[in-house]
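Report on one structure; see the data block that follows.
All values derive from a computational prediction rather than experimental measurement.
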Amino acid sequence: MLMPNINAATATATATATATATAAHRQLTEKSTENQDARIRFANRDDPLLNSRMGGLSLLGEAPIAALKARVEFVDKLIDFIVDKQWSAQRPLTLISYGAGALLTEHMIHEGLLKQGYSQLRWRLIDTAYANGGLREHRANFIHGKADARAFTTEAAYFGKKVGQCQIAGADKTDGAVIVLLIESQASIPAFSDSINAKPDYMRIQCIPIPDVKKANCIYLLAEAPGKRHLAEMPAMLKNRKVAIALPDAVRCFIDDAGSNIYIKDSASANGKYMHEKIESAILKKASCLPTLAQFDKILEGVAKAMAQSHSHPLSLMKFSAFDYAIGLFHLERYLAGSGNPVLFAALENGHAVLAMP
């Protein structure tokens, strides 16, 4: 039977925030081993994860002049690039703003492209800040008068959206050029006090918990000794304070649908490796093909229950699904690769425009 590609031989992936790599795309550098059933990869990434809340209309009246000037220069450079490439104005042009925020810069880009004759503009606005009606007025103002503009909380929600039988993301990448905008994507998240002096083998966790696993892009499994009650606070702390934390016993899992791989990263502790082994074993036993993240979540529920009831190695466990900025960007890059149409990653990093085509 076909076995899923799971993440095995330790792969150290660097999605560091160098201007080109972060702006254009984050690539996971992997080492893999083969066995007769499956290729298993471990993506052991210690990259700081990035806040999904970017700048937008909220800059008006408050931002330093230099910041506003950088955005204007970014818009001008982007539009000049598109015109120089002579991308057809007769075909749709999709702009995916990743971490879109309050949409000032996107509005400037839209107006500039209209002046250059690009009228078939599709906007895909992705930001976890849009959950529960967040920035509703900003989104409504931006979408008004635009023929095709849609907002999503995560890239998973974007990939899953259909109109009738048509997948929106699929039509976007096949109908014309795509631009992924990363505007001030290096926004920092403060570290929780416990993580500042954390040991090197701790896992740094920087994400936004998402209760709906269908809109999440990763799942965390955290452990502590039985009887302790610290883990229950972690999801709320991550969501409400938007901080980074570091824990000694943790595993993060995500699925690369485009590459048919499951990535499992553990903290370097004994408990982290123990959880990793149990998860890997369960996937090989229960999955005959690559599972969805929702199916993977159910498998993890069984793993957590079995470990909690273990007599030889009992653990108190916390599982939650989440949105990870770097993983979402990785998913976008993988999804758009090989579309046959131009793809541009355009970032505003530290006040400088960085444009790169994979």
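- With a 6.0 Å radius and a threshold of 12 heavy atoms from other residues, nucleotides or ligands, Lys146 has its NZ atom above the threshold.
- Note: Tyr263 and Phe254 have parallel aromatic rings, judged against thresholds of 30 and 60 degrees for the angle between ring planes.
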Given Ile179 and Ile109, is the side chain to side chain contact (heavy atoms under 4.5 Å, CB included) satisfied, shown in steps?
CA-CA 11 Å; Ile179 300 170; Ile109 293 169; over 6 Å; no

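- Of the inter-residue distances, the one linking Leu68 atom CG with Thr105 atom OG1 reads 8.5 Å to the nearest 0.5 angstrom.
- Note that the CD1 atom of Ile299 and the CD1 atom of Ile279 stand 10.5 Å from one another [nearest 0.5 Å].
- By the neighbour-count criterion of 12 heavy atoms within 6.0 Å, atom CZ of Arg136 is sparsely surrounded, having that number or fewer from other residues, nucleotides or ligands.
- Atom NE2 of residue His107 and atom CD of residue Glu111 lie 4.5 Å apart, to the nearest 0.5 angstrom.
- Side-chain atoms of Asp297 never come within 3.5 Å of backbone atoms of Leu293 as a donor-acceptor pair (strictly under, hydrogens ignored).
- Side chains of Glu106 and Leu95 form no contact here, defined as non-hydrogen atoms less than 4.5 Å apart.
- Contact detail for Cys218 and Asp324: the closest heavy-atom pair is SG-CB, 3.9 Å.
- Applying the ring pair (Phe, Tyr, Trp, His ring centres under 6.0 Å) test to residues at least two apart or on different chains, none of the pairs has a partner in residues 74-96.
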How far apart are the C-alpha atoms of Met108 and Val72, what are their side-chain angles, what is the distance that settles it, and do they pass the side chain to side chain contact (heavy atoms under 4.5 Å, CB included) test?
CA-CA 8 Å; Met108 295 163 62; Val72 172; 3.5 Å; yes

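- Residues Leu355 and Ala346 share a closest heavy-atom pair of CD2-CB, 3.4 Å.
- When side chains are defined from C-beta on, Leu135 does not count as touching Leu103, because their heavy atoms never get closer than 4.5 Å.
- With Asp172 as the partner, the salt bridge (charged side-chain N to carboxylate O under 4.0 Å, His left out) test is satisfied by one option alone out of Arg150, Arg122, Lys161: Arg122.
- Using modelled atom types, no side-chain atom of Thr154 and backbone atom of Ala216 make a donor-acceptor pair closer than 3.5 Å.
- The shortest side-chain heavy-atom distance between Thr292 and Ile255 does not fall under the 4.5 Å cut-off.
- Residues passing the side-chain contact (heavy atoms from CB on, under 4.5 Å) test with Ala268 are Asp201, sequence neighbours excluded.
- Under a 3.5 Å cut-off, the side chain of Tyr130 and the backbone N or O of Gly101 do form a donor-acceptor pair.
- Between the Arg124 side chain and the Val180 main chain, no donor and acceptor come within less than 3.5 Å of each other.
- The shortest non-hydrogen separation linking His138 to Ala102 is CD2-CB, 3.5 Å.
- Two residues are said to be in side-chain contact when any heavy atoms from C-beta on lie closer than 4.5 Å; Ile79 and Lys115 fail this criterion.
- Rounded to the nearest 0.5 angstrom, Ser267 OG and Leu247 CG are separated by 8.5 Å.
- In the displayed structure, Gln309 atom CD is contacted under 6.0 Å by more than 12 heavy atoms of other residues, nucleotides or ligands.
- Under the 3.5 Å distance criterion, the side-chain polar atoms of Tyr220 are left unmatched by any main-chain donor or acceptor of Met318.
- Between Asn217 and Glu155, the closest side-chain pair of non-hydrogen atoms falls below 4.5 Å.
- When the shell of 6.0 Å around CG of Asn132 is examined, it contains 12 or fewer heavy atoms from other residues, nucleotides or ligands.
- Lys319 has its side chain within reach of Ile219: a pair of non-hydrogen atoms, C-beta onward, lies under 4.5 Å apart.
- Judged by distance alone, the side chain of Gln167 and the main-chain N or O of Phe159 form a donor-acceptor pair under 3.5 Å.
- In Lys173, the NZ atom is crowded: over 12 heavy atoms of neighbouring residues, nucleotides or ligands sit closer than 6.0 Å.
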What's the verdict on side chain to side chain contact (heavy atoms under 4.5 Å, CB included) for Lys85 and Leu344, showing C-alpha distance, side-chain angles and the deciding distance?
CA-CA 11 Å; Lys85 288 293 182 181; Leu344 171 67; over 6 Å; no

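- Expressed to the nearest 0.5 Å, how far CD1 of Ile210 lies from OG1 of Thr128 amounts to 6.0 Å.
- Asp127 places none of its side-chain heavy atoms less than 4.5 Å from the side chain of Leu125.
- One N or O on the side chain of Gln120 and one on the backbone of Gln90 form a donor-acceptor pair closer than 3.5 Å.
- In this structure, CG in Leu222 is found 7.5 Å from CE in Met234, a value given to the nearest 0.5 Å.
- A 4.5 Å side-chain heavy-atom check between Lys278 and Leu300 finds every atom pair outside the cut-off.
- A ring pair (Phe, Tyr, Trp, His ring centres under 6.0 Å) check over residues 283-316, counting only residues at least two apart or in different chains, returns the pairs Tyr274-His313.
- Put simply, the side chain of Asn341 gets close to the backbone of Thr174: a donor and an acceptor are under 3.5 Å apart.
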